[in-house]
Protein chains: 2
Amino acid sequence: MEYAPIACSHHDHNHCISDALEAARQLCLGRGVRLTDLRLQVLELIWQNHKPLGAYTLMEMLARANTRRVAPPTVYRALDFLLEQGLIHRINLLNAFIGCPSPNIKHQSHFLICHACGIAIELDQPELSQKIIGVAQEAGFRVEKQSLEVSGLCANCASDPAVSTSI
Amino acid sequence: MEYAPIACSHHDHNHCISDALEAARQLCLGRGVRLTDLRLQVLELIWQNHKPLGAYTLMEMLARANTRRVAPPTVYRALDFLLEQGLIHRINLLNAFIGCPSPNIKHQSHFLICHACGIAIELDQPELSQKIIGVAQEAGFRVEKQSLEVSGLCANCASDPAVSTSI
DNA sequence: TTGGCCTATGTTACTCTATAACCTTTCGTA
DNA sequence: TACGAAAGGTTATAGAGTAACATAGGCCAA
Ligand SMILES: [Zn+2]
Ligand SMILES: [Zn+2]
Ligand SMILES: [Zn+2]
Ligand SMILES: [Zn+2]
């Protein structure tokens with residue numbers, strides 16, 4: 001393996017969570033938008049691990065945490081906010097949502113998705129974004145948003161499927 | 001504009017349709033799989049233009065053409081077959097399906113999608129596929145399937161939105 | 001500090017997308 | 001012609017997302 005993405009290796013995930021939440025707080029403060037309790041709670045749930053979560057899974061988690069029913073619009077509105085602020089990405093392949101590790105930097109949505117363990121690894125490859133823009137321009141196309149979703153096996157699952165599901 | 005994708009220019013679309021259907025017939029014959037009336041009909045409907053169609057839109061079109069109700073599983077089974085054979089692609093961004101112009105050649109699903117006129121332009125860029133595989137390999141990831149969905153404005157819509165909706 | 005406004009959340013009902021399960025028909029082959 | 005497999009029909013239901021309207025909470029100006 002050339003380099004192990006953090007999502008794909010054993011690591012202190014509490015660190016991922018606290019970093020993400022702190023970044024979100026700073027970002028919202030700086031932009032003058034409100035990171036309400038609900039929005040923060042949804043973001044925290046999404047960051048529970050590196051696997052994309054569906055809106056209805058989040059709904060159940062919210063309902064359990066708050067010991068009351070939570071309806072779809074509640075969670076979708078929070079998700080919409082987080083998407084707008086770039087704090088999460090939507091994985092179209094899975095109808096699911098995942099936290100963005102670098103919400104401060106404007107970038108495209110490029111993911112590696114393991115169909116064995118379910119993790120989604122966000123790529124940070126501006127060069128790839130540029131390449132895609134170049135290819136599009138050759139066709140006279142004006143790019144607004146890219147979504148690259150590569151499915152396959154992550155490093156762990158490729159070497160030992162049994163182990164990686166526990167991460 | 002550097003080169004105009006056929007989907008994006010005025011062209012004899014009947015030619016697109018007949019080419020696609022003939023290619024499908026040959027491909028299925030060669031593989032020993034059955035291109036039934038229903039499957040052919042769905043493929044033909046999908047090739048109606050270069051815009052992805054949803055399963056429920058196809059259902060209605062089928063119902064109208066056959067003057068009887070058509071239930072979801074009917075169309076989804078046909079779509080599954082066409083997907084398996086590589087005769088169509090699924091656009092996750094739109095929950096919709098579009099005909100593949102080169103089903104004979106194994107390739108990845110790379111699309112430019114215009115949000116103004118709705119057309120989807122399939123890219124043919126093996127070099128881009130390789131680049132993506134390379135980037136994934138650097139993360140120890142074994143690629144099985146790529147889905148690149150770029151949204152923005154096609155050449156027509158970028159220059160004159162009013163015109164292009166009529167293509 | 002109060003009133004009013006804007007934003008966020010709650011609630012109900014609904015649409016759109018997709019699949020499970022089971023039955024009937026059709027097709028190719030023995 | 002009879003049989004087994006594959007395809008299609010039917011009903012019901014799961015899963016994902018939104019519309020529309022009511023209520024609550026924060027913010028600011030008078
Ligand atoms: Zn982590
Ligand atoms: Zn994995
Ligand atoms: Zn055409
Ligand atoms: Zn267009």
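Because the structure is a prediction, the values reported are computed rather than measured. In what follows, every chain begins at residue 1, and chains take the letters A, B, ... in the order their sequences are listed. The basis for the numbers below is simple: all heavy atoms, side chains too, and nothing from hydrogens, waters or symmetry mates.
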Which atom pairs link the protein and nucleotides 25-30 of chain C when you take only N or O atoms and keep those under 3.5 Å?
none

Taking N or O atoms only and anything under 3.5 Å, show me the protein contacts with nucleotides 10-15 of chain C, one pair per line.
from: C:dG10; atom 1: OP1; to: A:R68; atom 2: NH1; distance (Å): 3.4
from: C:dG10; atom 1: OP1; to: A:R68; atom 2: NH2; distance (Å): 3.0
from: C:dG10; atom 1: OP2; to: A:T74; atom 2: OG1; distance (Å): 3.3
from: C:dG10; atom 1: N7; to: A:R77; atom 2: NH2; distance (Å): 2.5
from: C:dG10; atom 1: O6; to: A:R77; atom 2: NH1; distance (Å): 3.0
from: C:dG10; atom 1: O6; to: A:R77; atom 2: NH2; distance (Å): 3.4

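Stacking of the aromatic ring of B:Y56 onto the base of C:dT17 is found: the ring centres lie under 5.5 Å apart and the planes are inclined by under 30°.
More than 12 heavy atoms of other residues, nucleotides or ligands lie within 6.0 Å of CD in B:E22, so this atom counts as buried by the packing criterion.
Side-chain contact check for B:L128 versus A:K131: some heavy-atom pair is nearer than 4.5 Å. With contacts defined as side-chain heavy-atom distances shorter than 4.5 Å, the pair A:V143/A:F141 qualifies. Two residues are said to be in side-chain contact when any heavy atoms from C-beta on lie closer than 4.5 Å; A:H107 and A:S102 meet this criterion. Contact of the A:V75 side chain with the A:L38 side chain is not registered, since no non-hydrogen atoms from C-beta on lie closer than 4.5 Å.
B:N92 has its CG atom 14 Å from the P atom of D:dA16, to the nearest Å. The CZ atom of A:F81 sits 18 Å away from the P atom of D:dT18 (whole-angstrom rounding). Remark: P of D:dG15 and CZ of A:F97 are 16 Å apart, rounded to the nearest angstrom. Regarding A:L53, its CG atom lies at a distance of 15 Å from the C1' atom of D:dG15, rounded to whole Å. If you measure from atom CD of A:Q41 to atom P of C:dA8, you get 17 Å, rounded to the nearest angstrom. Distance A:L58 CG to D:dA16 P: 11 Å, rounded to the nearest Å. Per the geometry, CZ belonging to A:R39 stands 11 Å off P belonging to C:dT7, to the nearest Å. What separates CG of A:L79 from C1' of C:dT9 is a distance of 14 Å, to the nearest Å.
B:R69 places no side-chain N or O within donor-acceptor distance of the main-chain N or O of B:A63, the cut-off being under 3.5 Å.
The distance between the ring centers of B:H11 and B:H13 falls below 6.0 angstrom. A distance of 6.0 Å or more separates the ring centres of B:H89 and B:F97.
Of the two residues near DNA chain C, A:V33 and B:L94, the one whose nearest nucleotide lies more 5' is A:V33.
Using a cutoff of 4.0 Å between basic side-chain nitrogens and carboxylate oxygens, B:K145 and A:E149 are not scored as salt-bridged.
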